[in-house]
Structure formats: C-alpha cells, structure tokens
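Right, one structure below, let's go through it.
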Amino acid sequence: MLAYIANTDYEWYQFLFARPDIDEVNFWRPGGHGFRALSPGGPFLFRLKAPFNAIAGVGFFVHFSVLPASFAWTAFGTKNGAASETDMRARVETYRRRFGKPLDAAANYKIGCVIITETTFFPRADWIREPNDWRPNIVAGRTEDLAAGEGRRIWEEVIARLHGQRVIETVADSARYGPEVVVRPRLGQGAFRILVTDTYDRRCALTGERTLPVLDAAHIRPYASGGIHAVSNGLLLRSDLHTLFDRGYLTITPEHHVEVSRRIREEFENGRDYYALHGSPLRVPGAAEHQPDPSGLLWHNVNVFRS
C-alpha cells in the first residue's frame, strides 16, 4: 500500500502542533494542480523540509478540491495552519510568487486543497528520519511503498507513535502483517462541508443555485443530536433554505420531495417563493452511498418539521 510523503513548512507544522485539538487540516497548495497520489483513506505523512529533514506527523487523505482562497478559509479557518485569512494568504502568495502564478492580493484566486483528517503531529523527540534515498530536488512530495524497505520502517515508527489513539485500532494489524493500510477516517466539519459541496456539484439541491458563498452544507440530523459528518447526512442548500430546514419550516421526505410548512405563512405572512418549491424533487448525487439517508430524512420529518 502507498503513502504520500509531503514536503511541509516548519511554521505550518509548528502552528498546528501547538493546537492538539485540531483533528483535520487543509494541506493547501498555491496553485490548482490536482492530487491523485492517494485514494481516500491513504496515509499522508508530513515531512519537514531542510534543515530538519524529518517526518513530523501523519494524517489520512480524504478529498482534493480546488477552491477560492476565501472559501478555503471559511471552511477550515485555523486548520489551514494560519491564525487568520490574512496570514494564510500571505503564505500562499509567497509560493505563488515563486512559481510565477498571477498575484493580486485582492483577488479571490483558487488554491488546491488536500484535505487530511485524523491528523497527529509529533513532538520533536518523536520525529522520524526521512527515507534514506530522499532527494533534495523533490518539490512537493512522493509516494512511498509501506510494505517494504524504508516505507515499512517509517510506517512501523508511525504506528508506535500512534499507540493508544482511535485510528491505531484500524491500521495497526494491517500495517504490520499486510500491505493494506487504507482506513475510513472520521470526517471533521471542514471535510464534511467540502465533500458535500463537491458531491452536489456545487449546486443547491433544491434550486440549482451555484454562487458558492451562499451555499451551505446542511446536516440532515444535526451533529449535536447524534448526526455524523457524512455526505449521506448532508444536503447542499442555499443559505436561506438551510436556515428554514434547520428551523423546521422546510423538510425533505424519504422519497426526496420538498415539503414547505404552512407555518411560514401563518407566522411571517410571507413565503411565496418558498411555497413554489413545495412538492419539487430534490437533486441527489448519482452514487447511492452519497444520497441522503432515508432514516435521517424521516427523523427530520418527525422531530424537526413544523407540519
């Protein structure tokens, strides 16, 4: 099984290491180039550049997306490895300058977002020596076979440092006794938002609206009420529809039809545009595993909808 070893700035690592409660990160890239080195669940290792030349953390790949810089900040905040959007943009723009990318600090340029979850950053005493054959001319990173040689040595050291953590229960046996080291990582809020956004093709599931800043990843069953961060527990909705959904003025049936509560008219003496949606079909993803969970929709119908 392959892992990806990514060149990582010390400042980015240091910022996130000081925040051990962060469980996911956006490993951004200054341009919009794709990332195809790993399948979802594959290990992602953070290698500090010279003069450190060591692996200082691990996480598991979830998804790659190209996003406007402002949206990446909205989705991940300090999980971008910076204290503010201004700081994040300053770091991004340093690299864009080096690589000859168009630079306009006021522009909402796009960046590549490699979304990593179940992240752990090691203290300096636990850093792992980089592969013996690592070359200084490797710019972004490289894949590494974990089943043999240096890859196996590094992965066994990673496993030792993860001892006692939840994810170790999933990967330890496979790492030691076989080549498969793919896990189903637990999503964070940021990963949930981007996965739902991309799964629904960046269009509101009710109206088709495509203006990204007004689209929200709504939980069908809220996280606080036992829901999970999973695409099947999500809907991409225009922000006003998200509000109505959360407050029970709108729901989706298990058959994927919209129902709008009469309470909008009764309580607000308005709602004409919303009643026009009543009975209309929901746009759902093509993959069955990503479609809204019927049990979650039924829960919302019964427990939240103001009939």
Side-chain angles (χ1 to χ4, degrees), residues 24 34 36 39-41 61-68 71-72 74-76 113 115 117 184-264 271-307:
E24 64 175 357
R36 301 180 180 86
S39 299
F61 173 67
V62 171
H63 183 65
F64 174 80
S65 189
V66 177
L67 298 168
F71 194 77
T74 300
F76 291 98
C113 299
I115 301 169
T117 193
R184 186 184 293 275
R186 181 185 297 164
L187 300 184
Q189 176 65 33
F192 170 78
R193 181 171 186 177
I194 303 307
L195 277 166
V196 170
T197 298
D198 285 350
T199 299
Y200 279 83
D201 297 323
R202 305 191 179 192
R203 302 181 70 170
C204 172
L206 300 188
T207 67
E209 176 62 56
R210 298 181 63 181
T211 307
L212 199 55
V214 301
L215 299 181
D216 292 344
H219 287 86
I220 297 171
R221 183 166 185 159
Y223 194 76
S225 298
I228 60 173
H229 295 320
V231 174
S232 60
N233 189 43
L235 298 168
L236 190 65
L237 299 176
R238 202 174 63 199
S239 55
D240 59 328
L241 298 175
H242 183 188
T243 298
L244 293 177
F245 184 81
D246 282 354
R247 297 184 182 181
Y249 293 105
L250 180 151
T251 194
I252 309 296
T253 70
E255 296 74 34
H256 300 159
H257 288 91
V258 181
E259 288 192 4
V260 182
S261 172
R262 66 177 185 272
R263 300 282 190 90
I264 295 179
R272 181 181 62 183
D273 291 343
Y274 299 122
Y275 287 114
L277 295 172
H278 188 81
S280 61
L282 183 75
R283 289 179 60 254
V284 297
E289 67 270 21
H290 292 156
Q291 293 178 5
D293 177 13
S295 65
L297 293 173
L298 182 61
W299 181 90
H300 189 274
N301 298 166
V302 172
N303 294 282
V304 181
F305 185 55
R306 301 166 182 255
S307 56

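The first residue in the sequence is number 1, and the count goes up from there.
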Worksheet entry | Side-chain H-bond candidate by donor/acceptor type, D198 with S65, under 3.5 Å | yes

Practice prompt. Please determine which of L206, L282, V196 meets the side chain to side chain contact (heavy atoms under 4.5 Å, CB included) test together with L235.
Written response: L282

Worksheet entry | Geometric cation-pi criterion, R263 with Y249: 6.0 Å, 45° | no

Discussion item. Does atom OH (Y275) have a neighbourhood of more than 12 heavy atoms from anything else shown, all under 6.0 Å?
Written reply: yes

Worksheet item: For the residue pair H229 and Y223, does the interplanar ring angle fall in the parallel (under 30°), tilted (30 to 60°) or perpendicular (over 60°) class?
Response: parallel

Worksheet item: Would you say the side chains of Y274 and D240 form a donor-acceptor pair under 3.5 Å?
Response: yes

Discussion item. Between H290 and Y200 (judged by ring centroids, cut-off 6.0 Å), do the two rings come close enough to count as a pair?
Written reply: no

Discussion item. Taking the ring of H257 and the ring of H278, is the distance between their centroids below 6.0 Å?
Written reply: no

Item to complete: Quick one: closest heavy-atom pair of P292 and P285, and the distance?
Response: CD-CD, 4.5 Å

Discussion item. Test side-chain hydrogen bond (donor to acceptor under 3.5 Å, both in side chains) on E209 and T211; report intermediate values, then the result.
Written reply: CA-CA 6 Å; E209 176 62 56; T211 307; 2.5 Å; yes

Worksheet item: Looking at CD1 of I220 and OG of S295, how far apart are the two atoms once the value is rounded to the nearest 0.5 Å?
Response: 9.0 Å

Worksheet item: Rounded to the nearest 0.5 Å, how far apart are CZ of R193 and CG of L215?
Response: 9.0 Å

Worksheet item: In terms of side-chain heavy atoms, does T251 have a donor or acceptor partner in N301 at a distance below 3.5 Å?
Response: yes

Fill in: D246 side chain to H242 side chain, donor-acceptor N/O pair below 3.5 angstrom
yes

Discussion item. Using side-chain contact (heavy atoms from CB on, under 4.5 Å), reason through C113 and V66 one step at a time and then give a plain yes or no.
Written reply: CA-CA 6 Å; C113 299; V66 177; over 6 Å; no

Worksheet item: If you take all heavy atoms of E259 and T253, which pair is closest and at what distance?
Response: OE2-CG2, 3.4 Å

Discussion item. Quick check: F305 with H300 (ring centres under 6.0 Å apart)?
Written reply: no

Worksheet item: Hey, mind stepping through H256 and Q291 against side-chain contact (heavy atoms from CB on, under 4.5 Å) and telling me if it holds?
Response: CA-CA 10 Å; H256 300 159; Q291 293 178 5; 4.2 Å; yes

Worksheet item: F61: what forms a ring-ring contact (aromatic ring centres under 6.0 Å, His included) with it, not counting sequence neighbours?
Response: F35

Discussion item. Between T197 and R202 (side chain of the first, backbone of the second, donor and acceptor by atom type, cut-off under 3.5 Å), is there such a pair?
Written reply: no

Practice prompt. Could you grab the distance from atom CG of D201 to atom CG of L236, nearest 0.5 Å is fine?
Written response: 9.5 Å

Response to the item:
Sequence neighbours excluded, the answer for ring-ring contact (aromatic ring centres under 6.0 Å, His included) partners of H63 is none

